[in-house]
Protein chains: 2
Amino acid sequence: MKRIAENTINRLIVYKKELERLRREDVKNVFSHKLAILSGFPSHLVRRDLMNVGYFGSPAHGYDVVELEKCISDFLCTPESVRVILIGVGNLGRAILDYCQQQNPKISIIAAFDSDKNKVNKIYHGIYTFHIDSIKNFIKENDIKVVIITVPASEAQKIASEIVDSGVRGIVNFTPVRLQLNEDIYIENLDMMLGLEKVVYFVEGG
Amino acid sequence: MKRIAENTINRLIVYKKELERLRREDVKNVFSHKLAILSGFPSHLVRRDLMNVGYFGSPAHGYDVVELEKCISDFLCTPESVRVILIGVGNLGRAILDYCQQQNPKISIIAAFDSDKNKVNKIYHGIYTFHIDSIKNFIKENDIKVVIITVPASEAQKIASEIVDSGVRGIVNFTPVRLQLNEDIYIENLDMMLGLEKVVYFVEGG
DNA sequence: CTCGTATTGTGAATTTTTTCACAACTCAAA
DNA sequence: TTTGAGTTGTGAAAAAATTCACAATACGAG
Ligand SMILES: NC(=O)c1ccc[n+]([C@@H]2O[C@H](COP(=O)([O-])OP(=O)(O)OC[C@H]3O[C@@H](n4cnc5c(N)ncnc54)[C@H](O)[C@@H]3O)[C@@H](O)[C@H]2O)c1
Ligand SMILES: NC(=O)c1ccc[n+]([C@@H]2O[C@H](COP(=O)([O-])OP(=O)(O)OC[C@H]3O[C@@H](n4cnc5c(N)ncnc54)[C@H](O)[C@@H]3O)[C@@H](O)[C@H]2O)c1
């Protein structure tokens with residue numbers, strides 16, 4: 001399979017989400033132009049991307065909403081169910097526990113971890129919180145590949161190094177720390193401040 | 001001034017943050033190679049980016065940490081102080097109110113807005129919450145250019161359209177909705193689910 | 001059936017981004 | 001002073017992403 005650019009993946013995920021919505025609204029077909037408006041990318045890019053996933057529409061009816069959604073899902077290899085854990089049940093961590101459950105039934109946070117005795121063995125938004133010391137075993141026993149990190153910045157590097165040893169392959173990192181890891185781990189840095197600074201740049205200067 | 005790519009801006013912001021940290025640790029000089037490791041980008045890209053901002057290091061000592069940080073800041077036009085507002089003081093909104101204040105003293109959230117009577121006129125993390133009905137006036141009177149949106153998905157489009165009318169130029173959108181706006185507004189979509197899905201893709205499939 | 005309209009799919013051109021590779025430079029040590 | 005090690009800055013090459021432009025297609029109206 002041809003290696004697909006990260007930007008393309010981003011866009012595909014957006015298309016998928018919009019298709020999902022169209023399906024719920026019982027829309028049957030959609031043209032590249034419409035998908036372009038919904039997603040915010042130009043229509044020829046939409047078509048180019050769909051070429052990559054190997055879905056073909058009809059010049060008369062555009063794309064079949066259900067089929068295309070399925071096709072993109074398959075392409076993205078979204079398995080029926082992915083189990084993820086979250087580390088750091090603070091302000092942000094709890095908000096995410098709540099949010100994720102509403103959003104994507106295929107990706108489920110199956111456990112949370114914290115070092116704070118007051119939080120351990122509690123349930124937040126339906127998810128049980130274990131003590132951080134048990135995390136390595138948990139990752140191995142449950143074959144966890146993806147982890148969300150929402151601990152304080154000062155703890156992030158240490159935690160990240162440890163979980164990578166246990167076999168984690170991907171990290172969603174909400175801390176402002178750039179994690180340094182030896183192995184080839186996929187890291188998605190979601191630093192909100194960076195997003196805010198970018199907007200300020202484009203508004204004030206660029 | 002030459003138009004700079006969004007990716008470059010992203011990287012510059014990361015460099016700036018790492019330089020800030022080096023400065024606090026009292027490091028005086030840094031080589032492109034070191035900055036590359038800290039930021040996670042290759043060193044020739046670091047050098048190319050710094051070429052863009054017009055800063056020149058010395059082959060012997062690399063880059064002066066303080067000067068380079070200043071230079072990038074100036075390039076990004078980061079003004080001494082930018083005033084931002086946040087709409088939707090829910091789980092996520094409150095977490096952000098807290099976080100932003102710790103992070104970047106130059107960007108300050110000066111007010112929050114909500115429609116819930118129980119939240120209006122309250123102070124969260126030191127920031128006063130006004131009723132949403134007063135937002136248009138507030139934006140105009142305080143010349144607000146950047147807004148953070150953390151209202152429920154169902155409210156996002158309506159709110160966005162309204163504030164754009166009042167003169168807002170940039171939006172940090174935490175809702176999963178792709179906002180449709182006529183004017184040329186800079187929108188930064190920070191959909192966490194998208195980040196998580198991307199990690200799942202690269203771990204499971206790509 | 002034929003025509004007109006609207007859309008797709010894609011080769012090719014263009015633009016942008018990244019990487020390569022090395023001359024030029026700085027300094028320290030001999 | 002001269003050499004050597006290590007780094008920068010950058011032209012040029014390569015790779016990648018995006019846009020263009022249009023032939024091919026499908027369908028409905030007349
Ligand atoms: N609040 C935000 O909106 C926001 C936004 C972006 C990024 N962040 C970042 O996300 C992280 C969390 O932010 P927050 O506001 O939720 O902080 P928080 O202090 O509310 O939560 C941190 C949680 O991590 C736990 N913790 C601390 N050390 C731990 C360890 N070694 N192992 C396991 N758990 C540990 C704490 O007990 C606490 O529950 C921070 O790095 C912050 O910079 C926060
Ligand atoms: N919780 C998360 O981690 C998370 C993550 C990503 C995205 N999001 C998105 O961010 C948004 C907020 O999430 P949340 O968990 O904080 O939800 P929430 O329900 O806790 O908070 C929403 C807030 O918006 C206020 N509000 C509702 N309608 C309003 C209006 N018309 N004007 C002004 N304020 C209004 C509500 O009173 C409430 O205070 C949602 O769109 C959610 O999808 C949340």
Side-chain angles (χ1 to χ4, degrees), chain A residues 1-15 18-19 22 27-72 75-76 198 201-202 206, chain B residues 1-15 18-19 22 27-72 75-76 198 201-202 206:
Chain A
M1 187 197 293
K2 209 186 106 205
R3 198 197 130 71
I4 295 291
E6 189 169 321
N7 277 356
T8 308
I9 300 301
N10 271 327
R11 289 192 300 263
L12 287 173
I13 296 173
V14 175
Y15 304 150
E18 292 303 322
L19 287 164
L22 289 172
V27 175
K28 298 299 181 205
N29 297 95
V30 65
F31 294 117
S32 62
H33 179 64
K34 173 78 173 172
L35 209 42
I37 288 175
L38 292 176
S39 64
F41 306 114
S43 63
H44 40 77
L45 203 40
V46 173
R47 295 205 298 279
R48 180 65 75 194
D49 288 336
L50 298 192
M51 245 181 95
N52 275 324
V53 316
Y55 182 78
F56 298 93
S58 115
H61 303 116
Y63 307 99
D64 182 296
V65 170
V66 172
E67 278 181 21
L68 180 54
E69 185 193 340
K70 169 96 172 55
C71 190
I72 294 178
F75 181 85
L76 293 176
K198 206 203 301 185
Y201 169 76
F202 281 107
Chain B
M1 189 197 290
K2 209 185 108 208
R3 199 197 125 73
I4 295 291
E6 189 168 320
N7 278 356
T8 309
I9 301 300
N10 271 328
R11 291 192 299 265
L12 287 174
I13 296 173
V14 175
Y15 304 149
E18 292 303 323
L19 288 165
L22 290 172
V27 176
K28 298 300 181 202
N29 297 92
V30 66
F31 294 117
S32 63
H33 178 65
K34 172 77 173 177
L35 209 43
I37 289 175
L38 292 176
S39 64
F41 307 114
S43 63
H44 41 76
L45 202 39
V46 172
R47 294 206 297 278
R48 180 66 74 195
D49 288 337
L50 299 192
M51 244 181 95
N52 275 324
V53 316
Y55 182 78
F56 298 93
S58 115
H61 303 115
Y63 308 100
D64 182 296
V65 170
V66 172
E67 277 181 21
L68 179 54
E69 186 194 340
K70 169 93 170 57
C71 190
I72 294 178
F75 181 85
L76 293 175
K198 206 203 300 185
Y201 168 76
F202 282 107

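Model, not experiment: these values are computed from the prediction. Naming: A, B, ... by sequence-line order, numbering from 1 per chain.
Of the residues in residues 56-69 of chain B, those with a non-hydrogen atom less than 4.0 angstrom from any atom of DNA chain C are B:Pro59, B:Ala60, B:His61. Near DNA chain D, meaning a heavy atom under 4.0 Å away, the residues from residues 32-44 of chain A are A:Pro42, A:His44.
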- [ ] Might you work through the side-chain contact (heavy atoms from CB on, under 4.5 Å) test for A:Leu22 and A:Leu38, ending with a clear yes or no?
- [x] CA-CA 10 Å; A:Leu22 289 172; A:Leu38 292 176; 4.0 Å; yes
Open item on the list: Show, in sequence, the C-alpha distance, side-chain angles and deciding distance for B:Leu50 and B:Ile72, and conclude whether the side-chain contact (heavy atoms from CB on, under 4.5 Å) test is met.
Closed with: CA-CA 8 Å; B:Leu50 299 192; B:Ile72 294 178; 4.3 Å; yes
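A:Tyr55 has its side chain within reach of A:Tyr63: a pair of non-hydrogen atoms, C-beta onward, lies under 4.5 Å apart. Within the 4.5 Å cutoff, the side chain of A:Lys28 has no heavy atoms near those of the A:Val65 side chain.
Nucleotide C:dT15 holds its P atom 20 Å from the CD atom of B:Glu6, rounded to whole Å. When rounded to the nearest whole Å, the span between CG of B:Asn29 and C1' of D:dG6 equals 14 Å. Distance, B:Phe31 CZ to D:dA5 C1': 11 Å, rounded to whole Å.
Between C:dT17, D:dT7, D:dA17, one nucleotide has an atom nearer to the side chain of B:Ala5 than all others, and that is C:dT17.
Of all heavy-atom pairs spanning B:Asn29 and B:His61, the tightest one is CB-O, 3.3 Å. Of all heavy-atom pairs spanning B:Val46 and B:Leu35, the tightest one is CG1-CD2, 4.0 Å. Across all non-hydrogen atoms, the minimal contact from B:Tyr201 to A:Leu76 is CD1-O, 3.3 Å.
In terms of polar N and O atoms assigned as donor or acceptor, the side chain of B:Arg48 comes within less than 3.5 Å of the base of C:dT19 in a complementary pairing.
In this structure, B:Tyr15 and B:Phe41 have perpendicular ring planes: the angle between them is above 60°, well past the 30° mark.
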